[in-house]
Amino acid sequence: MPYSHAPLSAGPDPRPAEARADIRLVVTDMDGTLLDDAKKAPAGLAQALRLLRERGVLFCPASGRQYATLAREFEGVADGMVFIAENGTYVVRDGIELSSDPLAAGVAAGIAVAARQLAAGGADVGAVVCGKRSAYIERADEPFLAEVRKYYLNHRVVDDVTAVDDEIIKVALFAFGSAEHTVAPALAPFAATHQVVVSGEHWVDVMNRTANKGAAVRRLQRELGITPAQTMVFGDYLNDLEMLDTAEWSFAMANAHPEVVRRARHLAPSNNDNGVLRTLARVLDLPLPL
């Protein structure tokens, strides 16, 4: 399939039904992709999910968000849905863990200490230590908590995040400035052995090298017998790059990071222009009122 960065229109598909894409798996990032800038889901999402389910298409949110947060977002329509949470480190279907990629003992503590050192040096940052049961934070000021609540429904303020009793799958650092320019360079020592991924304007995630959204999608494809030609993927930021490589139908949002646009095969309308649903309607001929 040739690469095309021409945006797809929302009009009817002129091709005969037998010539349309045989999509079996739709994977989408959440923030900056499916959700608009106000963190709101598109109005036609429930209808789109019903139509996809009727056609035997599996819909899979893939996000840096916590599983509990994703499950709340899709409450009432999540039956059978696979959630790729915490940037691929934790994959769940119907409340049952399908796979996970925990950090080795001591690694999360080292990253948390690095975050403390950054803060002591004047950076306005905080660490979120992400376990399977909960996320753990030491900062309790309201501006930081407001950011944590957006992505981590289950979170606890503790005295020492290095001493929590949980299986840690990721450590996320939030910066009130540019995470790409302030936090990521400070975590360079961890990049030799782990992934240090800029997952948003203000977030950097540290995970095992084997963990990313793309690895989770590939495992899902193998288990379900779904090919890249039957997979459609949407993303907007650097933590979506590996995921884009898993699908022949890979879409960067119009608002995406330039590297994501270069990596994807196609360009979708922006997250504020209902780009995911408009593209699904166009490619799969879904009768959505868009």
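Positions are given from 1, in the same order as the sequence printed here.
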Min side-chain heavy-atom separation T33-N271 under 4.5 Å: no
Close side-chain approach of V183 to F174, heavy-atom, < 4.5 Å: no
Heavy-atom side-chain contact between L25 and L224 under 4.5 Å: no
Side-chain donor/acceptor of H266 to backbone N/O of A252, under 3.5 Å: no
Cluster link L103 to V158, ILVMFWY, side chain under 4.5 Å: yes
Validation row: K213, D240 side chains within 4.5 angstrom (heavy atoms): yes
Flag if over 12 foreign heavy atoms under 6.0 Å of CZ, R219: no
Whether F251 and W249 hold their rings parallel, tilted or perpendicular, with breakpoints at 30° and 60°: parallel
Interatomic distance, Q66 atom CD to L153 atom CG [nearest 0.5 angstrom]: 6.5 Å
Criterion side chain to side chain contact (heavy atoms under 4.5 Å, CB included) on D166 and V129, from CA distance to verdict: CA-CA 10 Å; D166 201 345; V129 174; over 6 Å; no
Distance, nearest 0.5 Å, that separates CG of L35 from CE of M30: 4.0 Å
E75, CD: over 12 other non-hydrogen atoms inside 6.0 angstrom: no
More than 12 heavy atoms from other groups under 6.0 Å of CZ on R156: no
Salt-bridge criterion met for R149 and E142 (N-O under 4.0 Å): yes
Non-hydrogen side-chain atoms of K132 and S100 separated by less than 4.5 Å: yes
Atom CG of D160: over 12 foreign heavy atoms under 6.0 Å: yes
V171/H194 under side chain to side chain contact (heavy atoms under 4.5 Å, CB included): CA gap, chis, key distance, verdict: CA-CA 11 Å; V171 179; H194 292 77; over 6 Å; no
Hphob cluster co-occupancy, F59 + L290, side-chain heavy atoms under 4.5 angstrom: yes
Minimum heavy-atom distance between L280 and L286, given as atom pair plus value: O-CG, 3.9 Å
For T210 against A215, the heavy-atom pair lying closest together: O-CB, 3.7 Å
T69 OG1 to E73 CD distance, which is reported to the nearest 0.5 Å: 9.0 Å
Heavy-atom donor-acceptor pair, N255 side chain to G32 backbone, under 3.5 Å: yes
Reported CD1-to-CG distance for the pair I84 and L220, which is rounded to 0.5 angstrom: 6.0 Å
Closest approach of A175 to T182 (non-hydrogen atoms, all atoms of both residues): CB-OG1, 3.9 Å
Backbone of P102 reached by a side-chain donor or acceptor of N208 within 3.5 Å: yes
Step-by-step side chain to side chain contact (heavy atoms under 4.5 Å, CB included) determination, F144 to V128: CA-CA 10 Å; F144 182 71; V128 183; 4.1 Å; yes
Donor-acceptor contact below 3.5 Å, side chain E242 vs main chain A216: no
V198-V125 co-clustered via ILVMFWY side chain contacts under 4.5 Å: yes
Contact check, side chains of L45 and L34, non-hydrogen atoms, under 4.5 Å: yes
Closest contact, heavy atoms only, V260 versus G235: CG1-O, 3.9 Å
Considering all heavy atoms, the nearest L288-G44 contact: CD2-O, 4.3 Å
ILVMFWY cluster, M207 and M243 together (side-chain gap under 4.5 Å): no
Donor-acceptor contact below 3.5 Å, side chain R133 vs main chain E167: no
Minimum-distance pair of heavy atoms, taken over all atoms of G80 and L58: O-CD1, 3.4 Å
Side-chain ion pair, R139 and D124, N-O less than 4.0 Å: yes
Nearest-0.5 Å distance that lies between atom CE in M232 and atom CZ in R265: 12.5 Å
Sub-4.5 Å side-chain heavy-atom contact between N239 and N212: no
Residues R65 and D31 bridged, charged N to O under 4.0 Å: yes
G64 backbone acceptor or donor facing K170 side chain under 3.5 Å: yes
E259 and R262 ion-paired at < 4.0 Å: yes
Heavy atoms of other groups near K40 NZ, more than 12 under 6.0 Å: no
Beyond-backbone contact of M253 with Y237, side-chain heavy atoms, under 4.5 angstrom: no
Separation of T231 OG1 from Q221 CD (nearest 0.5 Å): 4.0 Å
CA sep, side-chain torsions, deciding dist, call: I111, L173, side chain to side chain contact (heavy atoms under 4.5 Å, CB included): CA-CA 9 Å; I111 301 165; L173 271 66; 3.9 Å; yes
Shared hydrophobic cluster for W203 and I168 (ILVMFWY, side-chain gaps under 4.5 Å): no
